[in-house]
Amino acid sequence: MTPALVLENVTRIYAQGDTPLTILSAANLTVMPGEMVALVAPSGTGKSTLLHCAGLLEKPNNGEVLIGGMPTIGLVDAARTRIRRDEIGFVYQFHHLLPELTAVENVMMPQLIAGLDRADARSRATEVLTFLGLGARLEHQPGKLSGGEQQRVAIARAVANAPRLLLADEPTGNLDPQTSDHVFNMLTAIVKQSGLAALVATHNIDLARRMDRRVTIRDGEVHELA
């Protein structure tokens, strides 16, 4: 089985005045289809940088990022953008829904951008939202949805194009414990049902323990946790 994501000796260095700041140093990570991997590390250790490199939002200084077995570092920006659009879904701590659109329209948007016709996009969006328990809330704008409902719409939007890889940065960080648990259960269900791979950055140790594997970042390297 081809890994959904492979980081090979990824190094990311930022310029801080005259002093280089190394955030990732020969970091290696593999995430397989259908696998949920928790990324657990203190703030400032490079979690967001690793997610940005994995999501092709940043280019490493050295190393390689493979999406579905395809090397990406040498690709031109247009090709990297196409892979982000077709192969990768993103969920953030804040849902970033468009307030003037309904739930179903928010989920349709990435499909329309990808070239799907409106009827098929609505059908797919309706299917995913219904799976996530929002079948009765399709025509509600974000302002009329609860925090947990908004985050489930964000998850639906991230998986609407049937990506290979889902990257989530503190997806339940803004929710109360009960709502957080519900949203996490929905996220887990859609990962297992679809077979996509998920890399989830979280500070919630209880949620991390419920994922297939846990990793952390130490001295710029990725390490497995028990």
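When a residue number appears, it is its place in the shown sequence, counting from 1.
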Chemist: Give the minimum heavy-atom separation between Pro71 and Glu64, together with the two atoms involved.
Modeler: CB-OE1, 3.5 Å

Chemist: Taking all heavy atoms of Asn28 and all of Asn9, pick out the closest pair and write down the distance.
Modeler: OD1-N, 2.8 Å

Chemist: Mind checking what makes side-chain hydrogen bond (donor to acceptor under 3.5 Å, both in side chains) contact with Thr49, not counting sequence neighbours?
Modeler: Tyr14

Chemist: With a cut-off of 6.0 Å (strictly less than), are more than 12 heavy atoms of other residues, nucleotides or ligands near NZ of Lys192?
Modeler: yes

Chemist: Once the angle between the rings of His96 and Tyr92 is folded into 0 to 90°, is it parallel (under 30°), tilted (30 to 60°) or perpendicular (over 60°)?
Modeler: perpendicular

Chemist: Please indicate whether Asp117 has more than 12 foreign heavy atoms, meaning atoms of other residues, nucleotides or ligands, lying under 6.0 Å from its CG.
Modeler: yes

Chemist: Take a 6.0 Å sphere around CD of Gln178 and say whether it holds more than 12 heavy atoms from other residues, nucleotides or ligands.
Modeler: no

Chemist: Within the structure provided, determine whether His203 and Pro42 are in side-chain contact (heavy-atom separation under 4.5 Å).
Modeler: no

Chemist: Apply side chain to side chain contact (heavy atoms under 4.5 Å, CB included) to residues Leu39 and Thr202 and explain how you reach the verdict.
Modeler: CA-CA 6 Å; Leu39 176 58; Thr202 181; over 6 Å; no

Chemist: For a 4.5 angstrom cut-off between non-hydrogen side-chain atoms, does Phe131 reach Met186?
Modeler: no

Chemist: Hydrophobic clustering (ILVMFWY, side-chain heavy atoms < 4.5 Å, transitive) - are Met32 and Leu166 grouped together?
Modeler: no

Chemist: For the residue pair Ala158 and Pro163, what are the closest heavy atoms and their distance?
Modeler: O-CG, 3.5 Å

Chemist: Does any part of the side chain of Leu50, heavy atoms only, come nearer than 4.5 Å to the side chain of Leu24, both counted from C-beta?
Modeler: yes

Chemist: Heavy atoms only: give me the nearest Leu101-Asn106 pair and the separation to one decimal.
Modeler: O-ND2, 3.3 Å

Chemist: Any side-chain donor paired with an acceptor under 3.5 Å for Asn185 and Arg210?
Modeler: yes

Chemist: Does any part of the side chain of Val37, heavy atoms only, come nearer than 4.5 Å to the side chain of Val200, both counted from C-beta?
Modeler: no

Chemist: Does a side-chain heavy-atom distance below 4.5 Å link Leu138 with Thr102?
Modeler: no

Chemist: Could you report the tightest heavy-atom contact between Asn161 and Arg85, atom names first, then the distance?
Modeler: ND2-O, 3.6 Å

Chemist: Within the structure provided, determine whether Arg152 and Leu187 are in side-chain contact (heavy-atom separation under 4.5 Å).
Modeler: no

Chemist: Can you tell me if Ser123 and Asp120 form a side-chain donor-acceptor pair at under 3.5 Å?
Modeler: no

